[in-house]
Amino acid sequence: MVKKLAGALVVAFLVASTLSTAALAQRRFLSLASGWVVGVYYPIAGAMSRIIYKADIGIRLTVESSGASVANAKLIQSGDADFAILQNDIAYYAYRGETLEAFRGDPVANMRGVLGMHLEPVQLVARADARINSVADLRGKRVNLGPLGSGAEQNALQVLEAYGLSVRDLGRAERLSAAEAADYLKDGRIEAAFFTVGLGAAAIQDVAVVTPIKIVPVDEPSFASLRQRYPFYAREVIPPGVYKGVDAPVPTVAVRAIMVARAELEDEIVYKVLKAIFNDLDTLYTAHAAAKQITLEKALDAMPVPLHPGAEQFYREAGLL
């Protein structure tokens with residue numbers, strides 16, 4: 001009797017193990033390249049991973065911390081990432097193989113659009129004592145444009161262009177990181193700096209606490225000019241109270257964070273991932289304040305690359321196409 005029972009238990013264990021192994025084999029393990037752990041992309045990507053797990057659709061989405069937009073485009077190109085989050089302007093340059101040295105002559109031809117996410121405003125911060133009330137007032141001033149070769153630098157150059165200015169019109173152009181630019185603003189080594197970051201960015205908050213600042217607006221005609229030449233730009237307004245001393249709304253322009261996928265990824269997978277995300281936006285919204293900007297209505301805004309066929313199917317069923 002004992003032998004029969006032991007034999008039955010062994011058989012049951014082997015059957016359970018076989019079923020478990022079979023179920024595991026049926027799951028697809030995919031990767032999502034995000035950004036720095038302390039940034040915005042990573043926690044939103046983590047929420048997406050949890051949503052996919054809960055949806056039980058045969059997919060496991062592993063979130064990878066990375067060097068953000070340029071690096072993520074390259075991971076899609078090489079096939080080392082299945083999905084990625086990056087700025088839509090970087091996606092535009094990557095897909096077309098232009099502007100940035102990382103992509104010039106080497107387009108990321110297998111990049112396909114999946115989802116438009118949150119806005120990342122171009123914020124021109126000036127010292128209050130610099131008498132800069134318009135982008136046009138940057139003529140002859142000491143200005144940080146962002147790190148050399150970065151998307152932020154391109155945003156700055158394009159905004160200047162919309163006002164008929166170039167680097168030659170500035171008193172001095174710096175190529176500093178956000179943290180370095182904050183220090184330079186505080187001690188007066190520069191008079192203004194461009195930041196392409198989310199609202200309430202720590203670097204800008206840090207300056208505002210110790211130095212009176214002004215957020216310089218981008219007017220409507222200049223936005224229209226920008227949008228005509230660079231379709232990835234969107235309109236954004238920085239609300240009052242986000243930064244110390246900035247008590248009125250400031251209109252500016254913004255790029256949008258987007259989710260992309262490898263063109264080679266099966267249509268059904270992209271469709272299922274999108275469906276799961278939009279069926280559980282509450283989980284997504286708890287990840288970060290910026291995630292609350294992700295809505296079905298704006299999912300295709302300023303999408304600069306062709307949609308993945310799986311995404312096309314989802315949005316067509318949702319009535320957006």
Side-chain angles (χ1 to χ4, degrees), residues 23-35 40-66 68-69 71-88 90-92 94-96 107-118 232 256-285 287 291 293-321:
L24 189 63
Q26 291 173 2
R27 294 184 191 134
R28 283 291 299 276
F29 288 84
L30 305 174
S31 59
L32 169 57
S34 59
V40 177
Y41 293 180
Y42 190 81
I44 292 178
M48 289 179 174
S49 177
R50 292 193 297 276
I51 288 169
I52 301 307
Y53 180 83
K54 287 195 299 177
D56 195 22
I57 54 177
I59 297 170
R60 293 292 181 266
L61 199 58
T62 302
V63 177
E64 305 287 349
S65 175
S66 71
S69 294
N72 288 354
K74 287 294 187 182
L75 289 171
I76 289 290
Q77 183 182 48
S78 65
D80 291 323
D82 300 296
F83 294 93
I85 299 173
L86 68 165
Q87 288 179 198
N88 64 347
I90 302 300
Y92 179 86
Y95 182 75
R96 295 165 67 96
V108 183
N110 67 332
M111 180 185 292
R112 296 293 183 268
V114 174
L115 171 64
M117 298 170 57
H118 57 281
F232 46 77
R256 185 179 290 278
I258 63 172
M259 184 178 181
V260 300
R262 293 188 295 113
E264 303 85 356
L265 205 56
E266 297 94 322
D267 299 355
E268 182 185 13
I269 286 179
V270 176
Y271 175 86
K272 283 182 174 180
V273 166
L274 271 175
K275 191 168 185 177
I277 289 171
F278 280 105
N279 280 341
D280 194 1
L281 287 176
D282 287 343
T283 295
L284 196 64
Y285 292 168
Q293 296 181 42
I294 301 173
T295 65
L296 183 60
E297 293 73 20
K298 294 190 175 183
L300 299 179
D301 283 5
M303 179 64 70
V305 298
L307 284 175
H308 192 285
E312 281 188 10
Q313 180 187 349
F314 175 81
Y315 293 120
R316 189 173 292 110
E317 290 180 7
L320 267 69
L321 294 177

Those residues at least two apart in sequence (or on a different chain) that pass salt bridge (charged side-chain N to carboxylate O under 4.0 Å, His left out) with Arg50 are none
How about Arg112 and Val305: do any of their side-chain heavy atoms sit closer than 4.5 Å?
-> no
Among all residues two or more places apart in sequence or in another chain, which pass the side-chain contact (heavy atoms from CB on, under 4.5 Å) test with Lys275?
-> Tyr271, Asn279, Phe314
Take atom CD in Glu268; do more than 12 heavy atoms of anything else shown fall under 6.0 Å from it?
-> no
Which donor-acceptor pairs under 3.5 Å do side chains of residues 294-302 form with protein atoms, sequence neighbours excluded?
unit_1: Thr295; atom_1: OG1; unit_2: Lys298; atom_2: N; d: 3.3

Of all heavy-atom pairs between Ala261 and Val270, which one has the smallest distance, and what is that distance?
-> CB-CG2, 4.4 Å
Tyr95 to Pro306 - nearest heavy-atom pair and separation = OH-CG, 3.4 Å
Nearest heavy atoms of Val260 and Gly113, plus distance in Å = CG1-CA, 4.4 Å
Side chain of Asn72, backbone of Gly35: donor and acceptor closer than 3.5 Å?
-> no
Residues two or more places apart in sequence or in another chain: which of them pass side-chain hydrogen bond (donor to acceptor under 3.5 Å, both in side chains) with Tyr315?
-> none
Output the distance between atom CD1 (Ile52) and atom CD1 (Ile277), rounded to the nearest 0.5 Å.
-> 5.0 Å
Can you name the salt bridge (charged side-chain N to carboxylate O under 4.0 Å, His left out) partners of Glu266, sequence neighbours left out?
-> Arg28
Between Ser69 and Ile90, what is the shortest heavy-atom contact and its length?
-> CB-CG1, 3.7 Å
Point-to-point distance, once rounded to the nearest 0.5 Å, from CD1 of Ile59 to CD1 of Ile269 = 5.0 Å
Please list, chain by chain and in numerical order, all residues satisfying side-chain hydrogen bond (donor to acceptor under 3.5 Å, both in side chains) with Asn88, sequence neighbours excluded.
-> none
Taking atom CZ of Arg256 and atom CD of Gln87, what is their separation to the nearest 0.5 Å?
-> 12.5 Å
What heavy-atom pair brings Val108 and Ala73 nearest, and what distance separates the two atoms?
-> CG1-O, 3.7 Å
All side-chain contact (heavy atoms from CB on, under 4.5 Å) counterparts of Ala55, not counting sequence neighbours = Ile57, Ala276
Results of salt bridge (charged side-chain N to carboxylate O under 4.0 Å, His left out) for Arg60 - residues two or more places apart only | none
Could you tell me whether the side chain of Ser31 and the main chain of Thr62 form a donor-acceptor pair under 3.5 Å?
-> no
Hey, what do you get for CG (Leu307) to CG (Leu115), rounding to the nearest 0.5 Å?
-> 10.5 Å
All salt bridge (charged side-chain N to carboxylate O under 4.0 Å, His left out) counterparts of Glu64, not counting sequence neighbours | none
Any side-chain heavy atom of Leu30 sitting closer than 4.5 Å to one from Leu265?
-> yes
Can you check side chain to side chain contact (heavy atoms under 4.5 Å, CB included) on Met111 and Leu86, steps first, answer last?
-> CA-CA 11 Å; Met111 180 185 292; Leu86 68 165; 4.0 Å; yes
Pairing residues for Gln293 by the side-chain hydrogen bond (donor to acceptor under 3.5 Å, both in side chains) criterion, not counting sequence neighbours = none
Closest heavy-atom contact between Ala287 and Pro43?
-> CB-O, 3.4 Å
How long is the span from the CD atom in Gln313 to the CG atom in Asp267, to the nearest 0.5 Å?
-> 7.5 Å
Min side-chain heavy-atom separation Met117-Val40 under 4.5 Å | no
Taking atom OH of Tyr41 and atom CG of Leu32, what is their separation to the nearest 0.5 Å?
-> 12.0 Å
Partners passing side-chain contact (heavy atoms from CB on, under 4.5 Å) against Pro107 (at least two apart in sequence or in another chain) = none
Hey, are the side chains of Ile44 and Leu284 touching, using non-hydrogen atoms and a 4.5 Å cut-off?
-> yes
Can you name the side-chain hydrogen bond (donor to acceptor under 3.5 Å, both in side chains) partners of Ser34, sequence neighbours left out?
-> none
